[in-house]
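Computed from a predicted model, the values in this text were never measured in an experiment. Sequential numbering from 1 along the given sequence is applied to the chain's residues.
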Amino acid sequence: NVRAAFAELLRRSEQTDLKSIKAPMRLCDDTPLGSPEDVMDVALWAQGAFDYLAMGNFPYESSYILNGDGTLPPYPFRVACGGAMADPTLPNKGGD
């Protein structure tokens, strides 16, 4: 779940081997992760995606968040989470 993923990301930021973050987050090889602050930047970047989905979470198609450069489906938050929940490679720990 998302809460557990963010908690794990922040937990890993306290470790010395920050490379363990790149593969799960699918970051490019040249993404700098030399400090906990870099990991926080990644966490805030990911949070931004959820923020925008929530702001555009209308029950109808909308281009509001995308400034006309595309269209989000109705309830885009549900669509995004539905894709994640349908991925059998993601662990399902429940509880949230």
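- Side-chain heavy-atom separations under 4.5 angstrom define the hydrophobic clusters, and the remaining members of the one that includes M55 are Y52, F58, Y60, Y64, I65, L66, L72.
- For the atom pair CG (L53) and CZ (R78), the distance works out to 13.0 Å, reported to the nearest 0.5 Å.
- G70 and S63 get closest at one heavy-atom pair: O-CB, 3.0 Å.
- Residue F6 comes nearest to A43 through the heavy atom pair CE2-O, 3.4 Å, listed as atom of the first residue, atom of the second, then distance.
- Summarising the geometry of P73 relative to P76, their closest heavy-atom pair is O-CD, 3.2 Å, with the distance given to 0.1 Å.
- In this structure, K22 and C28 approach most closely via the heavy-atom pair NZ-O, 3.8 Å.
- Distance check: R12 CZ to L33 CG gives 12.0 Å after rounding to the nearest 0.5 Å.
- With values rounded to the nearest 0.5 angstrom, T31 atom OG1 is found 14.0 Å from R26 atom CZ.
- Grouping Ile, Leu, Val, Met, Phe, Trp and Tyr by side-chain contacts under 4.5 Å, direct or through others, puts L44 with L10, M40.
- With sequence neighbours excluded, the residues forming a ring-ring contact (aromatic ring centres under 6.0 Å, His included) with F50 are F77, listed by chain and number.
- Minimum interatomic distance between W45 and M25 (heavy atoms only, all atoms of both residues): CZ3-CE, 4.5 Å.
- Of all heavy-atom pairs between I21 and S13, the closest is CD1-N, 4.2 Å.
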